[in-house]
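A short worksheet on the structure shown next.
Residue numbers run from 1 in the order of the sequence given.
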Amino acid sequence: MTSHSPFADSAPQSPVVATARRARAAAAEIAPLPRSAKDAALLAIADALEARTDDVVAANAQDVDRARAAGTSETVIDRLTLTPERVAAIASDVRDVAALPDPVGEVVRGSTLPNGIDLRQVRVPLGVVGIIYEARPNVTVDAAALCLKSGNAVLLRGSSSAYASNTALVGVLRDAVEQAGLPADAVQLVPGESRDSVRELMRARGLVDVLIPRGGASLIRTVVEESTVPVIETGTGNCHVYVDAQTDLAMAVDILINSKAQRPSVCNAAETLLVHQDIAADFLPLALDALAEAGVTVHADERVAAYAAGSKATVVPATEEDWETEYLSYDIAAAVVDSLDVAVRHIRQWSSGHTEVIVTTSQAAARRFTQLVDSTTVTVNASTRFTDGGQFGFGAEIGISTQKLHARGPMGLPELTSTKYIVTGDGHTR
């Protein structure tokens with residue numbers, strides 16, 4: 001019977017389909033490789049990044065110059081920029097991934113059945129993983145390293161704003177992988193800078209096993225709603241810091257400022273502050289001054305704004321839209337709440353399901369907050385900025401999943417595998 005699939009061998013192949021076919025062939029080659037072969041490729045990548053730092057930084061400068069000329073915000077430019085120090089840090093992250101245990105072949109569960117059959121469920125690579133992401137060229141290397149370590153081939157589709165950077169980085173990665181004896185096509189940049197190539201990747205079901213979008217809400221929604229390829233949904237980060245009635249004021253200020261201002265352009269930065277009414281008079285004057293010193297504009301409800309008199313803070317009235325906004329900038333929404341339960345209701349209504357923090361000295365409050373809040377990460381007395389694969393000890397992360405199927409929270413190596421059952425008998429028949 002003649003196949004009518006657009007991916008049939010006899011069908012004309014677009015550049016995207018041809019790239020996906022090469023990735024599928026490469027995935028079959030690297031899936032059975034031992035850890036030593038994959039780790040050698042990763043170490044070769046790290047060495048090559050350091051050796052070719054100047055080339056990468058020069059290519060990145062082209063992207064940064066174009067972004068500035070186009071009037072791109074400084075927070076986005078910060079995410080786009082690669083410096084020698086950042087390239088060195090990326091290389092270090094790759095070495096950290098090489099040092100991690102190999103998830104492939106891990107026995108998830110196993111037993112001998114009553115009839116004598118041996119049953120094992122083991123981890124296996126997903127196959128071909130497509131990554132669609134915005135102007136963060138470090139993702140190019142992080143994604144490639146994690147996919148290679150977990151035995152997957154990777155198709156990288158970054159934004160056009162980082163095209164020169166990604167092209168240079170993928171060139172380094174492919175050369176290093178090939179020199180280490182693995183197929184270069186295990187790491188590929190999806191050709192094209194138009195949205196057509198993204199749409200084609202999203203419809204390459206049968207060639208691409210899973211897509212992972214990383215970026216803003218619009219990108220993620222588009223990939224989730226328009227893909228025929230299965231999607232692991234990563235989410236935006238409308239993260240909350242709730243300061244409870246019983247708290248250490250100095251600790252609460254430190255956690256708030258670190259959560260918001262340490263690096264505001266990332267998804268685990270805090271975007272909303274909620275303060276219990278019983279502590280507001282003591283906490284808010286300190287918090288507003290600290291936010292002002294950090295250069296943060298406060299989008300305040302009326303109860304927060306009442307404490308702004310005499311402070312150095314830049315305060316503007318909060319609108320309903322502010323409660324759902326992922327600013328990725330030196331802005332934060334702030335409200336006074338009547339109770340912990342009201343804070344939880346606010347979070348349930350407006351949160352993107354990423355990370356929520358309670359700052360409290362009450363064990364009962366901490367326990368209730370962690371029980372009631374349903375986000376990927378619920379934190380007690382620590383910054384939102386710890387929701388990160390590296391900080392969790394997973395190595396570089398592929399993204400932070402806010403869905404509930406297969407993977408949730410920072411996604412490391414195990415989340416880039418599926419499983420299969422191996423059934424071993426001795427002439428058994430049913």
Side-chain angles (χ1 to χ4, degrees), residues 73 75 78-79 216-217 234-244 247-276 279-280 283-284 286-301 303-304 307 313-316 318-319 321-337 340 342-360 365-366 369-370 373-388 390-392 400 402 409-410:
S73 71
T75 54
D78 175 63
R79 299 173 80 148
T234 61
T236 54
N238 184 12
C239 304
H240 295 72
V241 174
Y242 164 62
V243 179
D244 189 47
T247 196
D248 180 314
L249 293 174
M251 177 176 69
V253 171
D254 286 346
I255 288 172
L256 169 63
I257 298 303
N258 186 262
S259 296
K260 175 69 258 182
Q262 194 258 348
R263 194 176 179 192
S265 63
V266 291
C267 65
N268 59 12
E271 305 292 18
T272 301
L273 167 67
L274 302 174
V275 181
H276 194 292
I279 201 72
F283 174 72
L284 279 171
L286 300 173
L288 289 170
D289 282 346
L291 288 166
E293 188 173 342
V296 177
T297 296
V298 181
H299 300 248
D301 73 351
R303 298 168 78 181
V304 171
Y307 292 98
T314 301
V315 177
V316 298
T319 66
E321 185 181 24
D322 284 309
W323 307 125
E324 63 182 355
T325 298
E326 183 187 29
Y327 295 108
L328 302 175
S329 62
Y330 286 98
D331 294 86
I332 193 167
V336 173
V337 293
L340 182 150
V342 173
V344 169
R345 286 201 295 273
H346 180 105
I347 290 168
R348 281 185 171 271
Q349 180 176 358
W350 299 109
S351 172
S352 61
H354 193 295
T355 299
E356 327 301 346
V357 167
I358 180 173
V359 188
T360 185
F369 188 83
T370 56
V373 172
D374 184 26
S375 292
T376 74
T377 307
V378 185
T379 301
V380 178
N381 295 335
S383 171
T384 60
R385 293 281 288 119
F386 285 104
T387 305
D388 174 84
Q391 293 294 319
F392 281 10
I400 296 176
T402 54

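- Atoms OG1 and CD1, from Thr370 and Ile358 in turn, are 8.0 Å apart once rounded to the nearest 0.5 Å.
- Between Tyr242 and Leu340 there is a side-chain heavy-atom pair separated by less than 4.5 Å.
- Smallest separation of non-hydrogen atoms from Thr384 and Cys239: CG2-CB, 4.2 Å.
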**Item:** Test side-chain contact (heavy atoms from CB on, under 4.5 Å) applied to Leu256 and Phe283, step by step
**Value:** CA-CA 11 Å; Leu256 169 63; Phe283 174 72; 4.1 Å; yes

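- In this structure, Asp374 contributes its side chain and Arg348 its backbone to no donor-acceptor pair below 3.5 Å.
- When each of Thr387, Thr402, Thr379 is paired with Thr355, the side-chain hydrogen bond (donor to acceptor under 3.5 Å, both in side chains) condition holds for Thr387 and for no other.
- Here the closest non-hydrogen pair linking Ile400 and Cys267 is CD1-SG, 4.0 Å.
- Side-chain contact check for Ser383 and Ser259: at least one donor-acceptor pair (N or O, by modelled atom type) lies under 3.5 Å.
- Taking the side chain as every heavy atom from C-beta outward, Ile279 and Leu249 approach each other to under 4.5 Å.
- Between Asn238 and Glu271 the shortest heavy-atom distance is OD1-CB, 3.5 Å.
- Taking the six-membered ring wherever Trp is involved, the centroid distance between the rings of Tyr327 and His299 falls below 6.0 Å.
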**Asked** Phe386 and Thr377: side-chain contact (heavy atoms from CB on, under 4.5 Å), yes or no, with the steps?
**Response** CA-CA 10 Å; Phe386 285 104; Thr377 307; over 6 Å; no

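- Counting heavy atoms from C-beta on, the side chains of Val275 and Leu273 come closer than 4.5 Å.
- A salt bridge is absent between Asp331 and Lys260: the closest approach of a Lys/Arg side-chain nitrogen to an acidic carboxylate oxygen does not fall below 4.0 angstrom.
- Heavy atoms only, all atoms of each residue included: Leu284 and Tyr307 are closest at CD1-CD1, 3.5 Å.
- Here the CG atom belonging to Leu328 is positioned 11.0 Å from the CG atom belonging to Asp78, to the nearest 0.5 angstrom.
- The minimum heavy-atom distance linking Arg385 with Asn258 is given by the pair CG-O, 3.5 Å.
- The closest side-chain heavy-atom distance from Ile347 to Leu274 is below 4.5 Å.
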**Message:** Assess the residue pair Trp350 and Thr325 against the criterion (side-chain contact (heavy atoms from CB on, under 4.5 Å)); give the C-alpha distance rounded to whole Å, side-chain angles, the decisive distance to 0.1 Å, and a yes or no.
**Reply:** CA-CA 9 Å; Trp350 299 109; Thr325 298; over 6 Å; no

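- The two residues Val241 and Ala270 have their closest heavy-atom pair at CG2-CB, 3.9 Å.
- Distance alone, capped at 3.5 Å, places no donor-acceptor pair between the Arg263 side chain and the Ala269 backbone.
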**Request:** Apply side-chain contact (heavy atoms from CB on, under 4.5 Å) to the pair Val378 and Phe369, showing each step before the final yes or no.
**Result:** CA-CA 8 Å; Val378 185; Phe369 188 83; 3.7 Å; yes

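- The side-chain heavy atoms of Val298 and Thr314, taken from C-beta on, include no pair separated by under 4.5 Å.
- The side-chain heavy atoms of Ser351 and Glu356, taken from C-beta on, include a pair separated by under 4.5 Å.
- With a 4.5 Å cut-off on side-chain heavy atoms, Glu326 and His354 do not count as touching.
- Put simply, the side chain of Asp244 never gets that close to the backbone of Thr247: no donor and acceptor are under 3.5 Å apart.
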